[in-house]
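Proteins get letters first, then strands, A, B, ... in listed order; numbering begins at 1 in each. Because the structure is a prediction, the values reported are computed rather than measured.
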2 protein chains.
Amino acid sequence: MAATIKDVARRAKVSVASVSRLVNGTGNVRPKSAERIRRAIEELGFRPNAVGRSLKMASTRAIGVVVPSISNPVFADALAGINEEIRAAGYNLMLTVTDYDAANEASAVGALMGHQVDGLILTVADPDDCASLDMLERAGVPYVLVYNQPGGKSRATISVDNVAAGGEVARTLAAFGHRSLGMISGSFEASDRARARQAGFVDETVASGLHAPVICEVDFIDGDIEQVIAGLYRSDGKTPTALFCSNDLLAISVIGALRRCNLKVPEDVSVIGFDGISAGTHLSPTLTTVVQPSREMGRLAASQLLGHLNGQEAPHTTLLPHHLRLGESAGQAPQPVPADLQDNSQPVQKRNLAR
Amino acid sequence: MAATIKDVARRAKVSVASVSRLVNGTGNVRPKSAERIRRAIEELGFRPNAVGRSLKMASTRAIGVVVPSISNPVFADALAGINEEIRAAGYNLMLTVTDYDAANEASAVGALMGHQVDGLILTVADPDDCASLDMLERAGVPYVLVYNQPGGKSRATISVDNVAAGGEVARTLAAFGHRSLGMISGSFEASDRARARQAGFVDETVASGLHAPVICEVDFIDGDIEQVIAGLYRSDGKTPTALFCSNDLLAISVIGALRRCNLKVPEDVSVIGFDGISAGTHLSPTLTTVVQPSREMGRLAASQLLGHLNGQEAPHTTLLPHHLRLGESAGQAPQPVPADLQDNSQPVQKRNLAR
DNA sequence: CTGAAAGCGCTAACAG
DNA sequence: CTGTTAGCGCTTTCAG
């Protein structure tokens, strides 16, 4: 059906070589022939077959992208950035969504390699223990991670400093006067980011003179979250007055669950998320969160990868700045302890946290 | 670098044909040879080059997807559905985001055709006047639209009935006692959906005995929206007590703008969106909206396309059911007119709307 | 400036 | 069962 370069050549009464030269602007062709070729192309509606070209050139001009989810705006935004950069450079995008499943991760990378993508951009569950990544390395296929923050192995990555950010959250909450913190996180196994944020959060909580925070790992099912929250606040003991959620989507669910448990945010419980998805600013209370520059991260990942494909320096680890966006969902700790007890607090350490 | 089928054949001391047969499960090979081939594959880390295969088979087992945006959850959700279906069938996904730009639309389709995708799934600005679509048709490349609802031309589509849905919104609002309706819409030029929703909304508004609604077309810039809202409600005349927004993202922005204009939702103004993005249920007030089954739409589009590629019936137009999700953002019209005036209302028609 | 020809990696007759 | 071979559509020497 579709016309080939051969058809064009025949119709223009030249060799396929000339057509190729004209089409690709490589080498010159006599103006007279050029005109005939152009007409033939026009008449035949010829469009070069990228598969044939790829086979010959050993380059598909396609780059693969592997992300855990696309319904999470964080990944959607990064993808938008990637798309922008990639397309501007004339590359195409092969996308796979893994749904946080490691098996999908592996098969996706395999499929993409089979399709001979020129490079990959991906977010994996665990960059420190990822067979797919090792495979890419062995095969010499360039890649750069986004959001992932490898601990041991040195791998090209674009992310924020999750540990530091988690720490800032702890300090902020402490400065608000909260004495009992908690963290609600999605699967640690499926997210090195969550682990890093937790590590920073716990460390700084303790460093701030508070006791270690309660950590709840939840499945991403609304019912589950509600149960966890209910369980947490049913106990009459020392329950957290502030909750750090490992990502914004989770924070939003947690706020909903809290509300259904008749707990007011932020009056009774403060909530801080992570990511800075735009939906957070439209909620009420508006979401306090750690903002990462998702779109920019995607753009940067793409441009580093493309740069490398064009012979520039290899992609390297880049930590982009994050920042805390103060919304209404986090505020002063409720109910300062009765005056007589208050004297027992530790003013020195308190001053520290307020930094 | 990467091993080819030839390398495997050499190493296993068989012909490339045998390797191909074993790898693809087409034809038999002597168990003895099979074993040698398998070892060779293992040792060489051989992975069939899909480009070579595609060239020979005239099929890339890739399908192209073209959407206006990926940051809008509607498209992200549909894409999730497409991804699911596509991957289960062993296909790959080539994605392009057009950013609502018709020029990008055309070049994306061109690039995808060049890459020889086996079929396309797309949402375009105007399915009734779309050069890309005509080009696909001419080239005989199968495609199915999502969200688009072509008026004239017959094109395979998965969507909801936007006209009917727009009408329902009008009737619902009328039944709530609103007498003055308005619609805020994104670019009509970039969205046939918006046009269809508007058509249904206007028709039913009038059919309900109300005067034609105010229509405001806005750019998708927060500042712009705020200005439009402010302008609309500055006039002391008969301003709408209910606003239908052509999509949820817009509705969320409108609610924000309304709030900044000191208008309460829904006490002063009711707002209804369209799409049913999950963020809407987490807002407060929760968003009233027309829910479309986005993920299912994506899934269905993909399965129809794949079915067609496998020789089943051609994709056809499918209207999936939508439904109104009543949230808190829309309610009874404010301030029933003073009693003496109320008698002037038209009870008969009112009864009609309440149906 | 131009054409002939080789070959990218793979599949599928076809002949043994 | 197995190997040989002819392309799929394209780019690119290499001669002319």
Side-chain angles (χ1 to χ4, degrees), chain A residues 1-38 40-41 44-62 90 110-118 139 141, chain B residues 1-38 40-41 44-62 90 111 113-118 139 141:
Chain A
M1 181 80 219
T4 76
I5 197 175
K6 228 157 147 183
D7 300 322
V8 176
R10 186 163 28 230
R11 180 157 193 135
K13 303 189 181 309
V14 295
S15 71
V16 295
S18 290
V19 178
S20 175
R21 281 190 275 258
L22 181 74
V23 168
N24 300 304
T26 159
N28 300 316
V29 310
R30 183 153 40 104
K32 202 85 175 276
S33 323
E35 195 34 56
R36 286 209 312 283
I37 296 177
R38 267 191 274 273
I41 289 179
L44 264 37
F46 167 73
R47 184 189 302 284
N49 181 328
V51 178
R53 188 200 305 245
S54 295
L55 185 53
K56 181 67 186 176
M57 309 280 272
S59 157
T60 52
R61 290 192 82 78
L112 261 8
M113 288 178 72
H115 271 276
Q116 310 296 117
V117 295
D118 291 347
V141 179
Chain B
M1 180 79 219
T4 76
I5 197 176
K6 229 157 150 182
D7 300 322
V8 175
R10 186 163 28 232
R11 181 160 194 133
K13 302 188 182 310
V14 296
S15 73
V16 294
S18 291
V19 178
S20 176
R21 281 190 275 258
L22 182 74
V23 168
N24 299 306
T26 160
N28 299 316
V29 309
R30 182 153 39 102
K32 201 85 175 277
S33 324
E35 196 33 57
R36 287 209 311 284
I37 297 176
R38 267 189 275 269
I41 289 179
L44 264 36
F46 168 73
R47 184 190 301 284
N49 180 328
V51 177
R53 190 199 304 246
S54 295
L55 186 54
K56 179 67 187 175
M57 308 281 272
S59 157
T60 52
R61 290 192 82 77
M113 288 179 71
H115 271 276
Q116 309 296 116
V117 295
D118 291 347
V141 179

Any idea which of C:dG9, D:dT11, C:dG3 is nearest the B:Thr4 side chain? C:dG9

Check every strand shown and say whether A:Val51 touches a base, only sugar-phosphate, or nothing at a heavy-atom separation below 4.0 Å. nothing

Are OP1 or OP2 of D:dT2 and a side-chain N or O of B:Arg30 less than 4.0 angstrom apart? yes

Out of A:Val23, A:Ile37, A:Val14, which residue meets the side-chain contact (heavy atoms from CB on, under 4.5 Å) rule with A:Val8? A:Ile37

Against the side chain of B:Arg21, the closest entry in C:dG9, C:dC14, D:dG9 is C:dC14

Quickly work out the B:Arg53 CZ to C:dA12 P distance and round it to whole Å. 9 Å

Closer to the 5' end of DNA chain D via nearest nucleotide, is it B:Met57 or A:Ala17? B:Met57

Give the minimum heavy-atom separation between A:Arg61 and A:Gly90, together with the two atoms involved. NE-O, 3.6 Å

Atom NZ of B:Lys13 and atom P of D:dC1 are separated, to the nearest Å, by 22 Å

Can you tell me if A:Ser20 uses its side chain to pair, donor with acceptor, with the backbone of A:Val16 under 3.5 Å? no

Check the phosphate of C:dT11 against B:Ser20, side-chain N and O only, distance under 4.0 Å to OP1 or OP2. Yes or no? yes

Length of the line joining A:Ile5:CD1 and C:dA5:C1', which is rounded to integer Å: 14 Å

Distance in angstrom units between A:Ile37 CD1 and C:dG3 P, rounded: 8 Å

Select one nucleotide: of D:dT12, C:dT2, D:dT5, the one nearest the side-chain heavy atoms of A:Ser33. C:dT2

Distance check needed: C:dC10 P versus A:Leu55 CG, whole Å only. 9 Å

Over all heavy atoms of both residues, which pair between B:Arg36 and B:Lys13 is shortest? Give the atoms and the distance, please. NH2-O, 3.4 Å

Please report the distance, rounded to the nearest Å, between NE2 in A:His115 and P in C:dG9. 17 Å

Measure CG/A:Asp7 against P/D:dC10 and give the value in whole Å, please. 9 Å

Shortest non-hydrogen contact from B:Leu22 toward B:Arg38: CD1-NH1, 3.9 Å

B:Lys56 side chain: which of C:dC8, D:dG7, D:dT2 is closest? D:dG7

Is there a side-chain contact between A:Asn49 and the phosphate of D:dC8, meaning an N or O under 4.0 Å from OP1 or OP2? no

D:dG7, D:dG3, C:dT2: which one has an atom nearest the side-chain heavy atoms of A:Ser18? C:dT2

Of all the nucleotides listed (C:dT11, D:dC1, C:dA13), which has the minimum atom distance to the side chain of B:Asn28? D:dC1

What is the distance, to the nearest angstrom, from the CD atom on B:Gln116 to the P atom on C:dG9? 19 Å

